[in-house]
Amino acid sequence: MDAILSRAGLTVRLAENESEVAEAQHLRQRAFRGGATDARDIDPFDADCDHVLVERDGALVATYRFQSFADGTAARSGYSGQFYNLAGLATIDGPMIEMGRFCLAPEEHDPDVVRIAWAAMTRIVDGAKAALLFGCSSFHGNDPAPYADALGLLRDRHLAPAHLNLAAQAGETVALPHGTWDAGRAQRQIPPLLRTYLIMGGWVSDHLVVDRAMNTLHVFTGVEIAKVPPGRARALRLLAGD
């Protein structure tokens, strides 16, 4: 299969067979759960997703998966719909893409990896004419205290529109805290995936879900494609070669 994108010594493509999906699951295990190198992070949604591989010289350095939906009603059946009430997504007109399990190899620190991965996602979103890109953005660990400044910033500046009513649906939850926060510390605490969503005008739910199996805290995150700032949209499409 042809690459989705090749830039900066990196190639982004879709997994073509079960072996390549397994390789992505191995990387997810290392990134999210650690432990034995022969273990895999697997869940029932893998079968419904396309799996994206970001490679350098044939070695997998990042991965994510995505699932496409015809509209907001259908999107409720995806991974995020287990944890959040997504009925309000039906008010957004158009196809939607759920992005998940975004991770880098633990030893990978090249900022181009995240940039190129997002450029490839830009091509995917544009190809689907998607109105919304959404998913769960994760903070490492189950304790919200180390992320107090980031969570305060999210609550004060980046909450989802009220009409979407992204209420908790299941699981153990933690409300985003009220209170003062430091902008510099907040930016350092925000994970790269979530930071990119926010730069594009993204918004989040007003609470975190505690995922003890994955050892993460996650917040529902969405970006309406038509509302991405024009300059940011141009930069992404330029990187994507469009």
Side-chain angles (χ1 to χ4, degrees), residues 1 3-5 12-29 31-32 40-54 60 62-104 114 117-138 160 164 166 169-171 191-194 196-197 200 202-205 209 211 213-214 216 218-226 228 236 240:
M1 179 179 291
I4 300 170
L5 185 67
V12 187
R13 64 184 181 88
L14 296 182
E16 297 184 46
N17 52 53
E18 291 184 8
S19 177
E20 292 185 342
V21 172
E23 187 179 4
Q25 293 166 335
H26 281 300
L27 177 54
R28 286 165 24 186
Q29 176 76 22
F32 290 114
R40 290 189 284 161
D41 166 54
I42 302 173
D43 75 9
F45 294 92
D46 279 331
D48 298 320
C49 292
D50 289 295
H51 299 263
V52 177
L53 312 177
V54 184
L60 186 64
T63 188
Y64 56 90
R65 68 184 185 186
F66 68 91
Q67 185 173 1
S68 301
F69 301 97
D71 54 32
T73 300
R76 297 167 65 181
S77 65
Y79 177 86
S80 301
Q82 302 172 97
F83 306 105
Y84 303 91
N85 179 352
L86 303 184
L89 295 189
T91 64
I92 300 174
D93 186 30
M96 299 183 181
I97 294 179
E98 181 175 25
M99 180 182 188
R101 290 300 204 269
F102 186 106
C103 62
L104 277 62
V114 175
W118 270 103
M121 193 71 238
T122 300
R123 283 194 170 185
I124 293 166
V125 166
D126 283 350
K129 295 182 170 54
L132 179 74
L133 176 66
F134 71 94
C136 297
S137 296
S138 296
L164 294 180
L166 297 170
Q169 181 152 288
L193 175 65
L194 178 54
T196 305
Y197 268 114
M200 294 193 299
W203 36 254
V204 302
S205 57
V209 171
D211 190 330
M214 293 285 288
T216 61
H218 61 71
V219 61
F220 184 86
T221 315
V223 60
E224 295 173 74
I225 305 306
V228 175
L236 280 168

Interatomic spacing from [atom1] in [X] to [atom2] in [Y] - rounded to 0.5 Å:
X: Met99; Y: Asp50; atom1: CE; atom2: CG; result: 13.0 Å
X: His51; Y: Asn17; atom1: NE2; atom2: CG; result: 11.5 Å
X: Leu104; Y: Thr63; atom1: CG; atom2: OG1; result: 10.0 Å
X: Asp41; Y: Arg101; atom1: CG; atom2: CZ; result: 4.0 Å
X: Gln29; Y: Arg40; atom1: CD; atom2: CZ; result: 10.0 Å
X: Leu132; Y: Glu224; atom1: CG; atom2: CD; result: 6.5 Å

Go through the steps for Val204 and Leu194 under the test side chain to side chain contact (heavy atoms under 4.5 Å, CB included), then give the verdict. CA-CA 9 Å; Val204 302; Leu194 178 54; 4.0 Å; yes

Using the test salt bridge (Lys or Arg N to Asp or Glu O under 4.0 Å), find all partners of Asp211 that sit at least two apart in sequence or belong to another chain. none

Partner set under salt bridge (Lys or Arg N to Asp or Glu O under 4.0 Å) for Glu23, not counting sequence neighbours: none

Exercise: identify the closest heavy-atom pair between [X] and [Y]:
X: Ala130; Y: Ile225; result: O-CG1, 3.3 Å
X: Tyr64; Y: Ala117; result: OH-O, 3.0 Å
X: Ile97; Y: Ser68; result: CG1-OG, 4.0 Å
X: Gly78; Y: Phe45; result: C-CE2, 3.5 Å
X: Cys49; Y: Gln67; result: SG-CB, 4.0 Å
X: Met200; Y: Val223; result: O-CG2, 3.4 Å

When you look at Asp46 and Arg28, which way does the side chain to side chain contact (heavy atoms under 4.5 Å, CB included) test go after all the steps? CA-CA 12 Å; Asp46 279 331; Arg28 286 165 24 186; 2.9 Å; yes

Quick check, are the ring centers of Trp118 and Tyr197 under 6.0 angstrom apart? yes

For a side chain to side chain contact (heavy atoms under 4.5 Å, CB included) check, start with the C-alpha distance between Gln169 and Arg76, then their side-chain angles and the critical distance, and finish with the verdict. CA-CA 11 Å; Gln169 181 152 288; Arg76 297 167 65 181; 5.9 Å; no

Side chain to side chain contact (heavy atoms under 4.5 Å, CB included) assessment of Ile92 paired with Phe134: CA-CA 12 Å; Ile92 300 174; Phe134 71 94; over 6 Å; no

Scan the side chains in residues 80-89 for donor-acceptor partners under 3.5 Å anywhere in the protein, sequence neighbours excluded, and list what turns up.
{"residue": "Ser80", "atom": "OG", "partner": "Glu98", "partner atom": "OE2", "Å": "2.5"}
{"residue": "Gln82", "atom": "NE2", "partner": "Tyr79", "partner atom": "O", "Å": "3.0"}
{"residue": "Tyr84", "atom": "OH", "partner": "His218", "partner atom": "O", "Å": "2.9"}
{"residue": "Tyr84", "atom": "OH", "partner": "His218", "partner atom": "ND1", "Å": "2.9"}
{"residue": "Tyr84", "atom": "OH", "partner": "Phe220", "partner atom": "N", "Å": "3.2"}
{"residue": "Asn85", "atom": "OD1", "partner": "Ala87", "partner atom": "N", "Å": "3.1"}

